[in-house]
Amino acid sequence: MVRIIRALSSEKIGAHIVVMGWVRTKRDSKAGFSFIEINDGSSLKGLQIIADAELPNYKDDIHKLVTGCAIKVTGSLAASPGKGQTVELKADKIEVLGWADPDSYPLQKKRHSFEFLRSIAHLRPRTNTFGAVARLRSSVSHAIHSFFQERDFIYIHTPIITGSDCEGAGETFRVTTLDLENVPKNGNQIDFSQDFFGCPANLTVSGQLEAEIYALSMGDVYTFGPTFRAEDSNTSRHLAEFWMVEPEMAFCDLDADVSLSIDFLKYLFAYVLNNCTEDMQFFNRFIDSSLLKTLEALITRDFEFITYTEGVELLLKAGEKFEFPVQWGVNLHSEHERYLCEKVFKRPVVVVNYPRDIKPFYMKLNEDGKTVRAMDVLVPGVGEIIGGSQREDDYDTLFERMKKTGINVDDYWWYLELRKFGSVPHAGFGLGFERLIQFLTGLDNIRDVIPFPRTPGNVSF
RNA sequence: UCCCCAGUAGCUCAGUCGGCAGAGCAAGUGGCUGUUAACCACUAGGUCCGCGGUUCAAGUCCGUGCUGGGGAGCCA
């Protein structure tokens, strides 16, 4: 069997091949043959099959083919006299592998709304858009590994289930085997000693703390895996289950962290333009017509680079009426980030050195004692795509901050101990994989860039 | 979780001032054509999201619930 992408590109005219796929559309000609376009997911473009009425099962099978049927075609590749394709397959034999009743098959030869397609997530990868998204996710995943492997980073598999309520930030999903109908109690408290792990356990909200362990042994490492947040977020850029890329580098400060994140993004932009050309052109044509232009410009152009304090000054000078007033010390709101990114600079912006009190305990305190070495990369349309920082590597400073922010230092004894034995400056960042795919495709809703979105009230499929 | 909007044929939607339920596409039938989301004609297709209320009369007005969308917060 030959994948259609190969039949279209590398197979020679006259080659005798077998292809299998799903019928996208069929056009009958009473002159004595049918055009059948099939797609097997290997490429956006399908293969046109020429089915002659002389074929033995033409009346019984081929004539009845409709969108969604699965077929196996044996034939020879020929130059196509028609417009729209260079080659086509002249069928010697067509077998129907699976029928699709046109009265109940929900996909049609027309545009469907993304909302409707979400309700049929088991069939939506058969559409152009979701096929393209799936291929792009696969290619970008590959590129992520290539980028880090080429730079001698070690891929670390951090745990999905964790015993500590990581960072104390973000609601977590509890993992338990306790009988919820009859929870064992110690007085009023749940008796977790009877639970599977003998203590409370959660799904990870970040692999960072464990990645730091390996960075402080192996230098440059990265993780790439699923992450879980039980927040009741109902927006076009939040998922309860999403994928995150988290590099962590020893002997690294914030400046090096920032420049790696920019190199990383530019590498990925260039990769998809060079390797996912057909799918990217599709997104450019049907989703966002400025996509290719924007990505091409970003590869050569510098990102904007400002401090939080400069950002606040720009916003105060802007004379814009914001719903949330701007003031040094409060977090930048969505409208502020968008203003800086989309109005002031019109390109990705890196913001560094945020106030200490609005950032997590593990970020490295600056000499001013008021700000931390944090960085966010903001992109037009999506907002925050990367968040990172240099980590606090001084034992006493970290201990004090944990105490102050109410983190249980006993639970994080191992994290503190890393600052006791051979502590070195280190830094890292987290990239939201789906937000990157949103930026690369121009798709508005994050639920349309992951195969099976998990959001509050939705775990179907 | 909060604010706003929407829910009508398989899909995308229209439905005026409260007065007979509509179109395009898809499907079925027939015609035509090396066709390109093919084209032309005809046919069939409805719990107007659920529940309650106002009214002679509700798709339309009111209340409520559910689902979806946009925005906000939280964040990647």
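- For rC49(B) and rC11(B), the P atoms lie 13 Å apart once the distance is rounded to whole Å.
- Across rA38(B), rC25(B), rC75(B), the shortest atom-to-atom separation from the side chain of Q108(A) is found for rC25(B).
- If you check rA6(B) for Watson-Crick or wobble pairing at under 3.5 angstrom, you find it paired to rU67(B).
- More than 12 heavy atoms of other shown residues, nucleotides or ligands fall within 6.0 angstrom of atom NZ in K266(A).
- R435(A) contributes a side-chain N or O that forms a donor-acceptor pair with the base of rC75(B) under 3.5 Å.
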Summary of protein contacts for nucleotides 27-32 of chain B, nucleotide by nucleotide, where a base hit scores B, a sugar-phosphate-only hit scores S (4.0 Å, heavy atoms): SS---B

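- Taking the P atom of each, rC75(B) and rG69(B) are spaced 23 Å apart, rounded to whole Å.
- If you take CD1 of I386(A) and P of rA76(B), they are 11 Å apart, rounded to a whole angstrom.
- Across rG34(B) and rU43(B), the matching C1' atoms stand 30 Å from one another, rounded to whole Å.
- When each of V352(A), L254(A), T371(A) is checked for a side chain to side chain contact (heavy atoms under 4.5 Å, CB included) with N366(A), only T371(A) meets the rule.
- Other residues, nucleotides and ligands contribute at most 12 non-hydrogen atoms within 6.0 Å of the OH atom of Y214(A).
- Spacing between atom CD of E115(A) and atom P of rG70(B) amounts to 7 Å, rounded to whole angstrom units.
- N202(A) places none of its side-chain heavy atoms less than 4.5 Å from the side chain of I161(A).
- rA44(B) is unpaired under the criterion used here, namely a Watson-Crick or G-U wobble arrangement in which both key atom distances are under 3.5 Å.
- A donor and an acceptor atom never sit less than 3.5 Å apart when one is taken from the side chain of E88(A) and the other from the base of rU36(B).
- In this structure, F242(A) counts as stacked on the base of rA76(B) under the 5.5 Å centre distance and 30° plane angle limits.
- Here the rule is ring pair (Phe, Tyr, Trp, His ring centres under 6.0 Å) with F148(A), and of Y155(A), F264(A), F224(A) only F264(A) fits it.
- Taking the side chain as every heavy atom from C-beta outward, V272(A) and D279(A) never approach each other to under 4.5 Å.
- S233(A) contributes no side-chain N or O that forms a donor-acceptor pair with the base of rC75(B) under 3.5 Å.
- The base-pairing partner of rC11(B), taking Watson-Crick or G-U wobble contacts with both distances under 3.5 Å, is rG24(B).
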